[in-house]
Amino acid sequence: MATAKVTIKKGREKPIRNRHPWIFSGAVSTAANAVDGRLVTVVDYKDRFLARGYWNSKSQIQARILTWEDEAIDDAWWQRMLSRAWQSRAQYVADAGIPDSRACRVVNAENDYMPGLVLDRYGDCFVLQAQTLFIDRHKKKIADILQSHFDAEQVFERSDMDLRRQEGLHPSVGPLVGGPPPERFVLNEGALFHVDIVRGHKTGFYLDQRRNRQKLHDLVQSSASARDIDGPPSLLNLFSYSGGFAIAAQRDSDLRAVNVDSSRAALELAEKNFALNEYDKPSSAASAEHIQADSFDYLRFCVGEGARFDYVVLDPPKFARHKRQVARAARGYKDLNLNAFRLVKEGGYMMTFSCSGAISRDLFQKIVFAALADAGRQAQIVEQLSAAPDHPVALTFPEGQYLKGLLLRVY
Ligand code: SAH
């Protein structure tokens, strides 16, 4: 078969030389013998080698780069790249002192120079997401390597994200090697969590928020002694999913949590998680309410009621998928943050997040600032928050920095 060759227009090769992994159609001058889902060699207008990657004419991102070296993308390449990612995680989990070091993100797609591939590990089960056609074609091979070189007992596929549609792919969920995943997986982050690998969000759990859950826990602990004696602290946990922030905050505390999510299944998981951790409570005062509601409406309701909380967590789903949706998303974030600010007690805390890749940290901070001004409150940034270190961001790929947040003290 003739070599597939993508020639980049004169003057458009700079981002590629700077190691950005995406090539959009506007930068492509010709694509000789390029086949969707197969490897291509990328060259500049003078036919000089730039990179090697894979092609999909159906996607807006027509090519994604795997390497900037003139090397073969073969089994040995995959083994090398997977072990590199694996070793960096071994370091992270050792440093983080996580009780259950066997749960973490192992491959973070473009950020680990394996575009389109996400791999999360829950004990002996690896969960694979193939976001692109090329990865979809290679998933079985990757699963076999995980089994033979990384002791995976099962590799389960959870390729059911929207992104696949843009690649002309349907959702695909099921075992790749080693049969179905364990019926029950309990993750120990200090607090315990049921992880639903088959039906849960993403690959079953929001591993990216691990550090931030821990920070909330630490904050509740350190504020406990300083707090005046008006009863147990309270947390409003909006977009709560399986209760992650509330469960972590309630460890060693009699905190009262209100979890709000629009999904009944998510709240059922949160209830199960609360029960799973019940032994850990210092008194029976700790409680969790699980409210199925739209968070926008519920915030307005609380404002109307004059409710106040010591802690408010806002962790909405992605509002902006493209640059085109940024303005609308900004209005959504502003509305949420405005009402959330109104609910925080004097001297209380808010953790607010955006996981939209299209919204920069700078823009997010401006939106939260505008919300604060309208709420007539004051707030200090105590900490900038991001995804846990097993979700590293390639410096050459700013889009990888999807999760950004602020820990604010509110007056
Ligand atoms: N904070 C969670 C993750 C949140 S994911 C954690 O740490 O694990 C976003 C959640 O928002 C999902 O569970 C989804 O069901 C929920 N959701 C989406 N739109 C919503 C809305 N308008 N109101 C309430 N919940 C919503």
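As the structure lists them, so they are numbered: ligands from 1, and atoms in each ligand from 1.
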(message) Go through it in stages, so that I can follow the logic: the residues are R164 and D136, the test is salt bridge (Lys or Arg N to Asp or Glu O under 4.0 Å), and I'd like the CA-CA distance, side-chain angles, deciding distance and then a yes or no.
(response) CA-CA 10 Å; R164 272 172 69 98; D136 199 74; 2.8 Å; yes
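- For atom 25 (N) of ligand 1, the closest non-hydrogen atom on the protein side is S262 N, 3.0 Å.
- Using a 4.0 Å cut-off between charged nitrogen and carboxylate oxygen, R184 and D196 do not count as a salt-bridge pair.
- Remark: ligand 1 and Y206 share no N or O pair separated by less than 3.5 Å (distance only, no angle test).
- For S240, every heavy-atom contact with ligand 1 shorter than 4.0 Å involves the backbone, none the side chain.
- Counting the atoms of ligand 1 from 1 in the order shown, those under 4.0 Å from a heavy atom of S263 are 15 (O).
- Nearest to atom 15 (O) of ligand 1 among the protein's heavy atoms is D261 OD1, 2.6 Å.
- Distances shorter than 4.0 angstrom do not occur between any heavy atom of V260 and any atom of ligand 1.
- Of the N and O atoms on the side chains of D218 and Q221, not one donor lies less than 3.5 Å from an acceptor on the other residue.
- Ion pairing between D120 and R105 holds under the 4.0 Å rule for side-chain N and carboxylate O.
- Looking at ligand 1, you'll find an N or O of D315 within less than 3.5 Å of one of its N or O atoms.
- Annotation for ligand 1: atoms under 4.0 Å from non-hydrogen atoms of H201 are 12 (C), 13 (O), 14 (C), 15 (O).
- Classification of the W22-H20 ring pair by plane angle, with boundaries at 30° and 60°, yields perpendicular.
- Every heavy atom of C355 sits 4.0 Å or more from the atoms of ligand 1.
- Only side-chain heavy atoms of F245 come within less than 4.0 Å of ligand 1; its backbone N, CA, C and O stay farther off.
- Within ligand 1, counting atoms from 1 as listed, the ones closer than 4.0 Å to a heavy atom of A293 are 23 (N), 24 (C).
- Of the polar atoms of F239, at least one N or O is found under 3.5 Å from an N or O of ligand 1, judged by distance alone.
- A salt bridge between R52 and E71 is absent, with no side-chain N of the basic residue lying under 4.0 Å from a carboxylate O of the acidic one.
- Using a 4.0 Å cut-off between a side-chain N of Lys or Arg and a carboxylate O of Asp or Glu, D144 and K141 do not qualify as a salt bridge.
- Between D294 and ligand 1, an N or O atom pair is found at a separation short of 3.5 Å.
- Given atom 24 (C) of ligand 1, the protein heavy atom at minimum distance is S295 OG, 3.2 Å.
- The aromatic rings of Y54 and F134 sit parallel, their planes meeting at an angle under 30°, below the 60° perpendicular limit.
- Using a 4.0 Å cutoff on heavy atoms, P317 counts as a contact of ligand 1.
- Ring orientation note: the planes of Y241 and H201 are close to parallel, at an angle under 30° on the 30°/60° scale.
- Between Y311 and Y349, the two ring planes are parallel [angle under 30°; tilted spans 30° to 60°].
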